[in-house]
Structure formats: structure tokens, C-alpha cells
There are 2 protein chains.
Amino acid sequence: MKVYDYECPIDATLNVIGGKWKASCVYYLINGPKRYSELFEVLETVSSRILSKQLKELEAQDIIKQEVFPESPPKVVYSLTE
Amino acid sequence: MKVYDYECPIDATLNVIGGKWKASCVYYLINGPKRYSELFEVLETVSSRILSKQLKELEAQDIIKQEVFPESPPKVVYSLTE
DNA sequence: CAGTATCCATGAGGATACTG
DNA sequence: CAGTATCCTCATGGATACTG
């Protein structure tokens, strides 16, 4: 949870959960790891570009982590970090 | 705190504190009522239009309340609702 | 002092099609 | 399946000037 370098804790907080779908992603991942497609479905109106983007940002902030299974078709699972 | 009519609690939450300055306003008001100009100063880089707008929205959501003292120069005080 | 009026910039988010 | 590439829209926020 590297959210240092913020003068303001509120800034830090909103930067983490401020994205339109970020809080929801984290929320769903509380119940355990989910595949990309599962998140995509449960979010219903998100576009794949946006979901992908927000997941990456959450990952960059060490909120969630990604696991790639080199299969065909590919399988990518997201889960919360500890 | 009328935040009904939301299918999603996360939506409700971000709608309340999602504005760039809203959470900060609420934060400063925890220590007691503040005048418009006090909030304006402490926020430093907010423009008056935006501050005004976000305060109104917080008011509309019953998060804060406004008190106007009919003096000259005018005095307007904001505080958290209970 | 506490706003409003105007006008402007930006980027977050979205739709759709395509690919390894 | 899990994204990327392109292109687009619009809300949010901002700068500045003005006013009761």
C-alpha cells in the first residue's frame, strides 16, 4: 500500500478509490480472486478498456495483484494483496 | 444524509465525497464551523466558483449546512449537519 | 465577503473493432 | 479470454472579472 508522498491523506484516499470502478473492483475481490471476465460481467456497464486501465492502476498501487495462467484461452486472475 | 435511491453503496459513497474538494471541506468542518473565506484560504488552490459549487452540493445532500448572517460585509458560515 | 457569470481546458471515461 | 487501438463525448474543474 505505497501511498506515501501525499501531503494530504484525503488526496491519497481518493487517488486509490476515486476511479469510477476501482472501489467496486476491490469490493468484489474481497470475496476471493476473480477472473477478468468475471469482473467485466459483474460491473455490467464498464467497457473493457476502462476496466483494464483501472485494474492496472490498482495493481500499480499494490492494492490488487494479477496472476496470468499461460493457457489457451488465456486465464487472468485478480486478487487483493495482503 | 439522504443517499437513498442508489443501487450501489459504493456509488453512493463516491457521490458524496468524490468531488475534488468535498472530502477536504468536510474534514475541515469537523473542527467546527468555518466561513466561506476560511475554507477558501485553507484549500489554497480552489477557485471560488468550484468551492461554491461543491459546498452547494454537500448542502443539497445534507452533509453540511449554511448559515447566513445578514451583515455588511456578508458573513456565511458552514458546518456539518448532525 | 461571498458569491455569480463567462468562457475555457483537460482528462476520465466510453463505444467499437480488432488481436495474440 | 483478456486485453489494445482508435476515436469521441462530456462532465468536472479552472481563470478571471464582476456584483449586492
Side-chain angles (χ1 to χ4, degrees), chain A residues 6-8 10-29 32-61 63-79, chain B residues 6-8 10-29 32-61 63-79:
Chain A
Y6 276 97
E7 294 191 5
C8 174
I10 296 172
D11 267 20
T13 305
L14 288 180
N15 246 284
V16 170
I17 57 157
K20 181 160 176 185
W21 306 97
K22 288 182 188 176
S24 298
C25 286
V26 170
Y27 176 72
Y28 287 121
L29 290 178
K34 296 273 178 302
R35 303 182 60 156
Y36 179 90
S37 53
E38 292 181 282
L39 291 172
F40 189 73
E41 276 165 44
V42 77
L43 263 17
E44 295 194 334
T45 61
V46 72
S47 75
S48 61
R49 190 185 81 93
I50 297 301
L51 177 56
S52 177
K53 202 178 148 218
Q54 307 227 340
L55 286 172
K56 259 189 188 156
E57 287 169 16
L58 284 172
E59 214 188 328
Q61 287 165 319
I63 311 297
I64 68 173
K65 64 175 188 288
Q66 188 202 49
E67 258 188 303
V68 181
F69 297 86
E71 312 168 2
S72 184
K75 178 179 173 183
V76 177
V77 170
Y78 293 93
S79 57
Chain B
Y6 276 97
E7 294 192 8
C8 173
I10 296 173
D11 267 20
T13 304
L14 288 181
N15 246 284
V16 170
I17 58 157
K20 181 159 174 186
W21 306 97
K22 287 181 187 175
S24 298
C25 285
V26 171
Y27 176 72
Y28 287 122
L29 290 179
K34 297 272 178 301
R35 304 182 58 158
Y36 178 89
S37 53
E38 292 181 281
L39 291 172
F40 188 73
E41 277 165 43
V42 77
L43 262 17
E44 294 192 334
T45 61
V46 73
S47 76
S48 62
R49 189 184 82 92
I50 297 300
L51 176 55
S52 178
K53 202 177 149 221
Q54 308 227 338
L55 286 173
K56 260 188 189 155
E57 288 170 16
L58 284 172
E59 214 190 326
Q61 287 165 319
I63 312 295
I64 66 173
K65 64 174 188 290
Q66 188 201 50
E67 258 187 301
V68 181
F69 298 85
E71 312 170 0
S72 181
K75 179 179 172 183
V76 178
V77 170
Y78 292 93
S79 57

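Treat the numbers as computed from the prediction; the structure is a model and nothing was measured. In what follows, every chain begins at residue 1, and chains take the letters A, B, ... in the order their sequences are listed.
- With hydrogens and angles disregarded, a donor-acceptor distance shorter than 3.5 Å links the side chain of B:Q54 to the backbone of B:W21.
- Here D:dA11 presents its C1' atom at 12 Å from NZ of B:K22, a figure rounded to the nearest Å.
- Residue A:V76 is the one, among A:V76 and B:S47, whose nearest nucleotide of DNA chain D lies closer to the 5' end (criterion: closest heavy atom).
- The side-chain heavy atoms of A:L51 and A:S48, taken from C-beta on, include no pair separated by under 4.5 Å.
- Where DNA chain C meets chain B (any atom under 4.0 Å from a heavy atom), the bounding nucleotides read 5' to 3' are C:dC1 to C:dT6.
- Between B:E71 and B:K75 the shortest heavy-atom distance is OE1-CB, 4.0 Å.
- Within residues 48-58 of chain B, the residues approaching DNA chain C are B:S48, B:R49, B:S52, B:K56, by heavy-atom distance under 4.0 Å.
- Annotation: side chain to side chain contact (heavy atoms under 4.5 Å, CB included) contacts of B:P33 (sequence neighbours excluded): B:V77, B:S79.
- Comparing the local axis fitted to the first five base pairs of the helix from C:dC1-D:dG20 to C:dG20-D:dC1 with the one fitted to its last five gives a bend of 60°, rounded to 10°.
- Contact annotation for A:F69: no contact, since no heavy-atom pair falls under 4.0 Å across all strands.
- For the pair B:S52/B:Y36, a side-chain contact is recorded, criterion being any heavy-atom separation below 4.5 Å from C-beta on.
- The minimum heavy-atom distance linking A:L58 with A:V16 is given by the pair CD2-O, 3.8 Å.
- For A:E57, the side-chain hydrogen bond (donor to acceptor under 3.5 Å, both in side chains) partners at least two apart in sequence or on another chain are A:K22.
- Atom pair B:K20:NZ and D:dA11:C1' shows a separation of 14 Å (rounding to whole Å applied).
- Counting all heavy atoms, side chain and backbone alike, A:L14 lies closest to B:G19 at CD1-O, 4.3 Å.
- Distance CZ (B:F40) to P (D:dG13): 16 Å, rounded to an integer number of Å.
- Within the 4.5 Å cutoff, the side chain of A:L39 has heavy atoms near those of the A:L55 side chain.
- When the side-chain hydrogen bond (donor to acceptor under 3.5 Å, both in side chains) test is applied to A:Q66, the partners found at least two apart in sequence or on another chain are A:Y78.
- Within the 4.5 Å cutoff, the side chain of A:L43 has heavy atoms near those of the A:C25 side chain.
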